[in-house]
Amino acid sequence: MPNMFQFICDIPAVIKKRGLEDNGKVQQFIDSECLRLCEPKVPKRENILIESGHLNTVIGSGQIKYRTPYARRWYYMPAKFHEAPERGNYWFERMKQQYKEKILSGAKKIASGG
């Protein structure tokens, strides 16, 4: 007996419609929110480290990149930063801990068409 109910689903079309494809709306939102929410946590003297995040990150790639000669050192090495403890090392991890649910909620809203 043939199957009377057949469900056809174009998975790539559904993924694209939801903005979940590579470099899609959801990933673009996550990347831009991460950069924006990290800003107040990144060590700052003349904004060079913060600007490097904006200049070196391709929004939608899923990779946030801070590229200065001292970015790695300031990310991992403890130091006395101006405006500490808000600005300091491990800024991405601290931002994620504080705003993870907000970012995921926004991504879910975009994916659901809201």
Side-chain angles (χ1 to χ4, degrees):
M1 183 161 140
N3 186 352
M4 296 177 65
F5 299 99
Q6 186 175 15
F7 180 72
I8 299 173
C9 180
D10 184 358
I11 294 173
V14 172
I15 288 172
K16 186 170 182 163
K17 180 181 177 186
R18 298 284 184 174
L20 296 169
E21 73 273 24
D22 289 344
N23 297 306
K25 294 181 292 187
V26 172
Q27 189 63 60
Q28 290 174 15
F29 169 79
I30 292 169
D31 292 356
S32 60
E33 280 297 280
C34 286
L35 276 173
R36 183 180 71 79
L37 294 169
C38 274
E39 257 186 56
K41 298 182 179 321
V42 176
K44 173 182 166 182
R45 182 179 298 163
E46 297 174 6
N47 262 2
I48 295 170
L49 186 54
I50 292 169
E51 289 172 8
S52 81
H54 291 282
L55 293 173
N56 293 292
T57 298
V58 176
I59 300 297
S61 70
Q63 296 182 353
I64 307 297
K65 296 180 182 180
Y66 293 90
R67 297 213 179 195
T68 65
Y70 47 83
R72 179 179 297 274
R73 180 181 67 190
W74 288 140
Y75 191 79
Y76 293 106
M77 300 291 290
K80 293 184 180 185
F81 295 107
H82 181 64
E83 298 179 41
E86 183 69 14
R87 294 193 186 278
N89 55 347
Y90 296 102
W91 58 83
F92 185 79
E93 293 302 319
R94 291 184 299 111
M95 177 282 300
K96 222 173 32 173
Q97 188 175 29
Q98 186 176 356
Y99 295 110
K100 176 183 172 184
E101 293 306 318
K102 180 180 179 180
I103 294 168
L104 290 176
S105 174
K108 183 178 176 182
K109 191 173 183 178
I110 292 168
S112 67

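What's counted below: heavy atoms across the whole structure, side chains too, no hydrogens, waters or symmetry copies.
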Quiz item: Can you find a pair of side-chain heavy atoms, one from Ile103 and one from Met95, that are under 4.5 Å apart?
Solution: yes
Self-check item: Side chains of Ile30 and Val26 in contact at under 4.5 Å (non-hydrogen atoms)
Solution: yes
Any side-chain to backbone donor/acceptor pair from [X] onto [Y]? Under 3.5 Å, distance only.
X	Y	value
Arg94	Asn89	yes
Arg67	Ser52	no
Ser32	Phe29	yes

Supply the atom-to-atom distance [X] [atom1] to [Y] [atom2], rounded to the nearest 0.5 angstrom.
X	Y	atom1	atom2	result
Arg18	Lys108	CZ	NZ	11.5 Å
Gln63	Cys34	CD	SG	12.5 Å
Glu39	Asn47	CD	CG	7.5 Å
Leu37	Lys100	CG	NZ	15.0 Å
Phe92	Ile64	CZ	CD1	6.0 Å

Exercise. Using distance alone, with no hydrogens and no angle criterion, decide if Asn23 and Gln27 have a side-chain donor and acceptor under 3.5 Å apart.
Key: no
Are [X] and [Y] in one and the same hydrophobic cluster, where Ile, Leu, Val, Met, Phe, Trp and Tyr link if side-chain heavy atoms are under 4.5 Å apart?
X	Y	value
Met77	Tyr70	no
Tyr90	Leu35	yes
Val42	Ile48	yes

Heavy atoms only: give me the nearest [X]-[Y] pair and the separation to one decimal.
X	Y	result
Leu20	Ala111	CD2-CB, 4.2 Å
Asp31	Ser61	OD2-N, 3.1 Å
Phe81	Gly88	CD1-CA, 3.2 Å
Lys41	Tyr99	CE-CE1, 4.4 Å
Ile50	Arg87	CD1-NH1, 3.8 Å
Lys102	Arg36	NZ-NH2, 3.9 Å

Practice problem: Take Glu93 and Tyr75 through the side-chain contact (heavy atoms from CB on, under 4.5 Å) test and state the conclusion after the steps. | Solution: CA-CA 10 Å; Glu93 293 302 319; Tyr75 191 79; 3.3 Å; yes
Self-check item: Aromatic ring proximity Tyr66/Trp91, centre distance under 6.0 Å
Solution: yes
Exercise. Might you confirm whether atom CG of Asp22 has over 12 heavy atoms from other residues, nucleotides or ligands at distances under 6.0 Å?
Key: no
